[in-house]
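Below you'll find the structure, written out as structure tokens, and then a few comments.
Order of the sequence lines fixes the chain letters, A, B, ..., with proteins taken first and strands second; residue numbering starts at 1 for each chain. Here the structure is a predicted model, which is why all the values come from computation and not from measurement.
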Amino acid sequence: MSFEIYHFITSYNYYIIIFLMISGLFIVVSKGNMVKKLVGLALFQTSVYILYISPGKIVGGTAPILADGYTIYSSPFPHVLILTAIVVGIATLSLGLSLVIRINEEFETIEEDELFNNELNDE
Amino acid sequence: MALTTLGIIRLRNLFSVVILSTIYSFLMATLLLIFDAVDVALTEAAVGAGISTVLMLTVLYYTKMNEEKPRYRSVLPLIICLVVGGLLIYGTYGLPPFGAADTPIHTHISVQYLERSINETGVPNVVTSVLASYRGFDTLGEVIVVFTAAIGVLSILKRDKV
Amino acid sequence: MRLDLLLRISSKIFLPFIILFAFYVQFHGDFGPGGGFQAGVIFAAGVILYTIIFGVKKAQKDFPEKIFNFMVPLGVLIFTVTGLISLSKGYNFLDYDALAHYPKHGQHIGIIAIELGVFVTVIGSMVSIFYAFVGRGKK
Amino acid sequence: MNEHAPALVAMLPIIGAILIMLIRHNHLNWLIALLSGFGTMYYSIILYLDARSMETISYAMGGWEPPVGIEYRIDEFNALLIALISIMSFLILIYAKSSLSNELKKNKISTFYSMYLLCLGGLIGILSTGDAFNAFVFLEISSLATYVIISMGGDRRGLLAAYQYLIVGTIGATLYVIGVGLIFIITGSLNLYDISVKLGDVELYRPLLASLAFITVGIALKIALFPLHAWLPNAYAFAPSVGTAFLASTATKVAIYLLIKYLYLVYGFDLVYSNQIFIFVVLSLSVLAMFGASVIAIFQSNLKKLFAYSSVAQIGYITLGIGIANYNGLIGSTVHIINHSIIKAAIFLAIGCLVFSSKIVNIDQLAGLGKKMPMVAVCITISSLSLIGVPGTVGFISKWYLVLGSLEQGWWVVVFALAVSSILALIYVGRIIELIWFHAPVSSIVSENKIPFEMIAVTVLMTIATIYFGIDTRLTGDLAKIAVENVLLGEQL
């Protein structure tokens with residue numbers, strides 16, 4: 001049992017991630033408003049960043065910019081990946097938002113319930 | 001952060017949602033700073049809190065400010081989330097504790113980057129050297145993603161010439 | 001109106017610094033945090049700020065949309081051409097060692113070149129996307 | 001330059017896309033697209049021949065040896081698929097010019113070509129990369145390009161379809177990234193080969209299983225594996241005809257390859273298939289897809305939607321082979337990837353001809369087509385028959401291998417399912433064939449445009465291919481055998 005408690009305390013970063021991730025995913029799958037869905041999607045993606053970054057941290061380490069006087073650096077590898085992921089995230093977001101603008105123009109609503117029931121399913 | 005997330009879930013006013021997501025991004029940037037990811041923190045602050053907020057507000061200018069009440073409630077989303085969450089807890093259980101230095105992430109390839117970067121590329125910021133050189137092809141992909149998105153947005157939003 | 005004036009003047013004062021900061025982030029990326037992407041976003045944020053304060057019309061006159069639209073493919077082109085140059089010299093794609101006699105030197109040139117490519121594309125894309133968003137107009 | 005073929009194959013389409021956007025000339029853009037498509041095809045064939053003569057080609061991007069740098073790893077299997085999709089997309093490009101100028105606004109055509117090439121480059125990148133994160137980046141390139149292509153269809157519902165796919169696709173990609181992240185935490189590496197070596201002595205079994213689940217579900221969203229298929233019919237229905245043909249014949253196949261790669265080359269046969277739950281889920285979902293989607297297809301009135309649902313069902317066949325996981329089952333899957341790609345290209349190109357000449361979108365408008373447009377009618381008939389798996393067509397070959405595979409495992413239920421789903425396919429295809437040949441023409445349908453030669457030519461070519469490869473099985477069957485023997489089951493045999 002003590003191992004479990006120890007484990008829980010030392011891995012708290014993962015539980016933060018999981019909470020944020022689930023909230024983001026929940027917004028995406030449960031909300032009908034398209035803008036809100038995209039916000040949720042952004043949250044979902046953002047929470048993944050910590051999943052990558054947090055294991056790269058070393059206690060007592062410093063940012064991976066080499067300088068005299070420091071010997072322990074946190075891992076630069078995940079940082080690079082997440083930089084790419086952020087870029088992909090904003091690209092997706094902007095494309096999604098532009099689709100929302102057009103959808104709003106064409107259908108005058110951005111609520112999914114109304115749209116999908118009326119447009120896509122009745123043929 | 002948890003509070004802002006809950007706020008985003010509960011609030012129906014989209015303006016507040018966007019502002020909350022900006023706050024979330026700033027908090028995220030701070031957190032990333034704590035994790036020593038300075039480059040990422042800078043980017044997240046500029047992108048998450050800057051550009052995406054501006055874009056979302058522009059969209060809100062065109063659309064309605066309030067989210068409508070969902071007509072029916074479904075348990076399915078909750079189930080999906082619980083399954084994913086359960087799987088994540090299952091999967092992360094037993095992973096190396098936070099802040100440890102002897103985990104595979106640190107001992108395998110990162111070490112090589114840290115040791116080789118200055119000699120092979122002459123760049124002290126290891127993030128830059130990995131980004132631009134060791135994994136330069138990823139960065140090329142990333143630029144192509146931005147390119148694709150920009151061309152796509154232009155094609156979607158440009159009015160057709162009559 | 002006075003608030004507006006305050007904004008206009010302060011943003012005019014700030015704008016050069018934002019642009020300057022963007023260039024600092026761009027060229028200092030080797031030593032401190034930053035690089036092409038961050039610099040591009042900061043630069044674009046400067047233009048966006050200008051647009052918000054002075055309106056779309058004036059902004060598009062001072063920073064014409066066409067330039068930014070052109071920058072989008074240009075940056076990717078810079079990037080790929082860098083890769084192709086190393087290819088043409090018999091090295092692997094994106095191997096910067098090909099760019100100069102000493103590998104380390106070549107790496108340096110290569111990193112600067114591709115960061116420039118990233119910078120150009122990101123400015124172009126972000127500003128183009130923003131212009132496309134605000135230029136759509138309410139129907 | 002041949003030793004750089006791995007890089008060139010992925011980069012040529014992208015360079016073409018950049019040039020098109022730089023020049024934006026109305027007549028040149030098709031030419032540039034065609035040229036870069038041809039270059040890609042040329043190098044992909046060279047690459048395949050190389051892969052056959054050498055063992056595995058490892059190409060280090062940036063000259064950094066893997067796992068430090070990003071590696072492109074070409075074996076007989078993915079080289080085969082690269083060659084397949086680049087040949088398909090080149091042929092579709094020939095077809096594209098007239099069809100697009102009919103369906104799209106003039107100022108959007110250059111964007112379409114650019115997106116088409118970007119999507120192609122992205123797909124080839126996914127196929128050839130040996131790096132988990134690089135695969136994600138290229139997945140996003142192709143996905144973003146796909147969203148744009150879908151939104152360009154002209155129908156306003158295309159916007160909804162694109163948005164829907166964007167949400168689903170991004171969730172899928174993010175789940176994939178989570179899975180990769182878990183592997184990354186336990187191995188510290190992103191190179192797939194390196195990972196597969198390291199996973200052998202990882203004690204952390206739970207994160208491994210969780211990552212397997214995340215990656216599978218993430219990719220399954222992209223594959224449109226039943227019941228995660230909701231985005232696909234709308235996407236196919238509202239994209240421009242050329243876009244539909246391209247996506248149907250390439251995009252899902254690439255995602256399937258990615259899944260196969262993870263299951264066999266990264267996690268390894270033993271890990272995946274010692275897990276009974278996993279096999280059960282894959283098999284039952286495949287069978288469900290074969291039934292469910294076929295039943296839905298029967299009730300569709302939109303022509304493109306019907307064949308989109310049939311795609312979902314056909315994907316079920318491919319994943320079925322993956323679930324069966326013996327020699328014949330895998331060959332069945334591989335052959336079906338190739339065959340289905342050809343069949344669906346033929347069908348959607350034929351539908352594109354119909355849209356071009358008389359704006360036909362619904363099934364009842366097909367009545368009497370056999371008399372009005374015999375060529376197109378014959379093409380649709382033959383390729384639909386091959387969808388059912390009539391002997392003498394390609395569809396038969398893949399089903400044959402799948403039946404063999406399931407018999408070997410002694411799974412009679414699966415054999416039965418294959419038979420029933422073929423009957424279901426017969427129902428929806430039969431309805432179309434009946435309308436085409438045995439009904440009087442609907443007078444309200446007028447053909448406005450004469451179909452240009454190259455459109456007919458490419459459609460006929462694809463149709464002939466569906467018959468040729470059905471009779472002469474040496475090419476597809478043997479290539480698939482080589483791929484399966486040497487790459488997937490290398491250690492088992």
Side-chain angles (χ1 to χ4, degrees), chain B residues 33 36-59 61-63 117-129 131-159, chain C residues 25 28-38 40-42 44-45 48-49 51-52 68-69 71-73 75-76 78-80 82-83 93-97 103-105 107-108 110-115 117-118 120-122 124-139:
Chain B
L33 207 60
D36 292 338
V38 271
D39 288 75
V40 188
L42 180 62
T43 317
E44 174 63 24
V47 170
I51 301 281
S52 58
T53 308
V54 172
L55 293 183
M56 283 190 195
L57 289 179
T58 323
V59 173
Y61 166 73
Y62 293 118
T63 60
S117 168
I118 195 85
N119 293 328
E120 288 179 349
T121 63
V123 175
N125 183 354
V126 186
V127 175
T128 302
S129 76
L131 189 79
S133 188
Y134 294 103
R135 294 184 70 87
F137 196 65
D138 256 1
T139 311
L140 176 57
E142 157 196 330
V143 178
I144 298 170
V145 168
V146 176
F147 167 75
T148 315
I151 304 290
V153 170
L154 288 182
S155 107
I156 290 170
L157 288 184
K158 270 271 169 68
R159 292 202 184 277
Chain C
V25 170
H28 205 253
D30 293 1
F31 312 103
F37 183 76
Q38 292 87 336
V41 172
I42 293 170
I48 289 172
L49 175 70
T51 317
I52 291 174
F68 293 109
N69 288 354
M71 278 163 85
V72 179
V76 196
I78 296 175
F79 206 135
T80 32
T82 315
F93 190 70
L94 286 176
D95 191 341
Y96 313 132
D97 291 358
K104 203 168 166 179
H105 200 182
Q107 287 292 337
H108 206 71
I111 289 176
I112 290 176
I114 67 132
E115 291 276 14
V118 178
V120 171
T121 294
V122 170
S125 308
M126 292 302 155
V127 179
S128 294
I129 290 173
F130 178 68
Y131 274 168
F133 269 59
V134 293
R136 184 70 189 174
K138 246 181 185 166
K139 205 169 155 186

Rounded distance [0.5 Å steps], CD1 in Ile48(C) versus CD1 in Ile51(B):
4.0 Å
Reported OG1-to-CZ distance for the pair Thr58(B) and Phe130(C), which is rounded to 0.5 angstrom:
5.5 Å
Indicate yes or no: at least one non-hydrogen side-chain atom of Ser125(C) is less than 4.5 angstrom from one of Phe147(B).
no
Would you indicate whether the side-chain heavy atoms of Phe133(C) and Val54(B) approach each other to under 4.5 Å?
no
Those residues that, when tested against Phe68(C), pass ring-ring contact (aromatic ring centres under 6.0 Å, His included) (two or more places apart):
none
In this structure, OG of Ser133(B) is separated from CG of Leu94(C) (nearest 0.5 Å) by 9.0 Å
Return the CD to OG1 distance between Gln38(C) and Thr43(B), rounded to the nearest 0.5 Å.
3.5 Å
Hey, which of Ile151(B), Val146(B), Val143(B) is the one that makes side-chain contact (heavy atoms from CB on, under 4.5 Å) with Val72(C)?
Ile151(B)
Which bit of Tyr131(C) is near chain B, if near means a heavy-atom gap under 4.5 Å: side chain, backbone, both or neither?
neither
Between chain B and each of Val25(C), Ile111(C), Ile42(C), Val122(C), count heavy-atom pairs under 4.5 Å; write down the option with the most.
Ile111(C)
As an exercise: rank Thr139(B), Val126(B), Val40(B) by heavy-atom pairs under 4.5 Å with chain C and give me the winner.
Thr139(B)
Sub-4.5 Å side-chain heavy-atom contact between Val47(B) and Met126(C):
no
With a 4.5 Å cut-off on heavy-atom pairs, point out which of Pro103(C), Pro73(C), Gly110(C) contacts chain B the most.
Pro73(C)
Only counting residues at least two apart or in another chain, list the ones meeting salt bridge (charged side-chain N to carboxylate O under 4.0 Å, His left out) with Asp95(C).
none
Minimum heavy-atom distance Ala132(C)-Val153(B), with the two atoms named:
CB-CG1, 4.1 Å
Looking at side-chain heavy atoms only, is the closest gap between Ser128(C) and Leu154(B) below 4.5 Å?
yes
